[in-house]
Amino acid sequence: MGADRSGLQLDVLGAGPAYTDRPGSAGAAYLLRSAGTAIVLDLGQGAFPRLAAALEPSSVDGIFVSHLHPDHFIDLVALRHYLRWQFQPPRHVRVVAPDGLAHRLDALHDEPGFTSASLDVEAVVEGTTTVGGITVEAARVTHTRDSHAFRVSVGDGPGLVYSGDCGHAGDLEPLIRAGDALLSEVSFGPGPVPRDAAHLDGPAVGELAARTHPGRVLLTHLQMGFDPAATVASVRRVYDGPVDLVEPGDRFTIDGIGAALTPTGT
Ligand SMILES: [Zn+2]
Ligand SMILES: [Zn+2]
């Protein structure tokens, strides 16, 4: 199924945290499509089969990795094998990631050149990158030494701002425009976030949303042991727009005419 020509379609491939007891959970992975362009934000554990079920993976135009924690990139190993061995000659996909990704994947396989055989890795830079008709804006966030959030948009339409993992909600503020969809991690549910954890909780996301006026808040990356309903409620207490905790299989469409993101699937 193709995306609406005038807007942006989001398919949630994986919305899990670093570990979980929920069968069927997959690590962070979000497919965004517009007209003939498809990009993916992060590709965590278990996300590759879901990507392959959504579209033929070698047709992805770019994969953007928020940071180098494995729950955000480890299924690039499966993608690399697929591209290298499923096609003759091997196919390549563009990957925009923090410095060091290729080295880490090569080390996992103990094989120099493992990554470059099928993944064309380039360094993520602050500012704007264009992939086909899609614009991706990157901004640094507090988490690892080299972590980014992304705003994805088409033309002047509303965008989707994805937090990656983020220890300071205010870092997302420069990316968010009124009417955007805010897809934010909420690792510590209703909170509080332990002092040594660079993550967000519901109250921090809610206060950010109350200040920046996204059209919709989508919550993700909730850690095991936190109550989903209490988490959503902790955001709603301070933000009066729609709030949902996303799951794999969820699909949303941004209509491209300034309206809020609307769910179009289950
Ligand atoms: Zn992380
Ligand atoms: Zn994470």
Side-chain angles (χ1 to χ4, degrees), residues 8-32 40-47 50 54 66 69 71-72 141 143 149-152 158-167 169 172 175-176 179-194 197-254 260-266:
L8 200 55
Q9 177 178 288
L10 164 68
D11 284 288
V12 178
L13 305 176
Y19 65 89
T20 177
D21 60 356
R22 289 186 63 186
S25 174
Y30 308 93
L31 171 63
L32 287 146
V40 176
L41 306 180
D42 287 340
L43 201 63
Q45 69 274 16
R50 294 181 184 276
S66 63
H69 280 159
D71 57 317
H72 295 258
V141 295
H143 186 62
F150 301 113
R151 180 180 190 268
V152 181
L160 175 102
V161 175
Y162 169 52
S163 65
D165 285 354
C166 178
L172 303 173
L175 288 180
I176 302 169
D180 281 355
L182 172 60
L183 172 62
S184 179
E185 72 124 304
V186 67
S187 294
F188 285 87
V193 178
H199 283 287
L200 298 178
D201 59 16
V205 176
E207 283 158 24
L208 171 70
R211 286 199 304 275
T212 56
H213 310 292
R216 179 177 203 107
V217 172
L218 303 172
L219 302 173
T220 190
H221 208 273
L222 179 64
Q223 290 191 44
M224 184 174 149
F226 289 98
D227 180 59
T231 301
V232 170
S234 73
V235 178
R236 287 200 177 127
R237 210 161 287 138
V238 277
Y239 167 72
D240 60 7
V243 181
D244 293 285
L245 188 66
V246 301
E247 300 218 7
D250 284 352
R251 171 176 286 179
F252 300 89
T253 300
I254 300 175
L261 203 67
T262 51
T264 56
T266 52

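For D201, there are no side chain to side chain donor-acceptor pair (under 3.5 Å) partners at least two apart in sequence or on another chain. The side chain to side chain donor-acceptor pair (under 3.5 Å) test applied to R237 returns no partner, not counting sequence neighbours. Y239 is linked by a ring-ring contact (aromatic ring centres under 6.0 Å, His included) to nothing, counting only residues two or more places apart in sequence or in another chain. Q45 meets the side chain to side chain donor-acceptor pair (under 3.5 Å) test with no other residue; sequence neighbours excluded. Residues meeting the side chain to side chain donor-acceptor pair (under 3.5 Å) test with R151, sequence neighbours left out: S153, D180.
Among pairs with a residue in residues 203-212, those fulfilling side-chain hydrogen bond (donor to acceptor under 3.5 Å, both in side chains) read E173-R211, at least two apart in sequence or across chains. Applying the salt bridge (Lys or Arg N to Asp or Glu O under 4.0 Å) test to pairs two or more places apart or on separate chains, none has a residue in residues 217-234.
Expressed to the nearest 0.5 Å, how far CG of L218 lies from OG of S184 amounts to 10.0 Å. Between the CG atom in D244 and the CG atom in L183 there is a gap of 11.5 Å [rounded to 0.5 Å]. Atom CG of D42 and atom CG of D165 lie 8.0 Å apart (nearest 0.5 Å). For the atom pair CZ of R236 and OG1 of T231, the computed distance is 11.5 Å after rounding to the nearest 0.5 Å.
Ion pair D11/R50 not flagged as a salt bridge, since none of the NZ, NE, NH1 or NH2 atoms sits closer than 4.0 Å to an Asp/Glu carboxylate oxygen.
Classified by interplanar angle (parallel below 30°, tilted 30° to 60°, perpendicular above 60°), the ring pair F188/F226 is perpendicular.
Scanning all heavy atoms of the two residues, the minimum distance from V217 to A209 falls at CG2-CB, 3.8 Å. Of all the heavy atoms in G215 and P242, the pair that sits closest is O-CD, 3.3 Å. Taking both residues in full, the closest heavy atoms of P158 and G179 are given as CB-O, 3.7 Å, listed atom of the first, atom of the second, then distance. When all heavy atoms of P248 and L13 are compared, the pair lying nearest together is CB-O, 3.5 Å. Between I176 and L182, the shortest heavy-atom distance links the atoms CD1-CD1, 4.0 Å. Contact record, S234 with G189: OG-O, 4.1 Å, taken as the closest heavy-atom pair.
Between S187 and V193, the closest side-chain pair of non-hydrogen atoms is not below 4.5 Å. Between L32 and L10, some side-chain heavy-atom pair lies under the 4.5 Å cut-off.
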Donor-acceptor contacts under 3.5 Å from residues 15-30 side chains, at least two apart:
| unit_1 | atom_1 | unit_2 | atom_2 | d |
| --- | --- | --- | --- | --- |
| T20 | OG1 | R22 | N | 3.0 |
| Y30 | OH | T220 | OG1 | 2.6 |

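A donor-acceptor pair under 3.5 Å links the side-chain atoms of E185 to the main chain of C166, judged by distance alone.
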Trace of the side-chain hydrogen bond (donor to acceptor under 3.5 Å, both in side chains) decision for H143 with H69
CA-CA 10 Å; H143 186 62; H69 280 159; 3.2 Å; yes

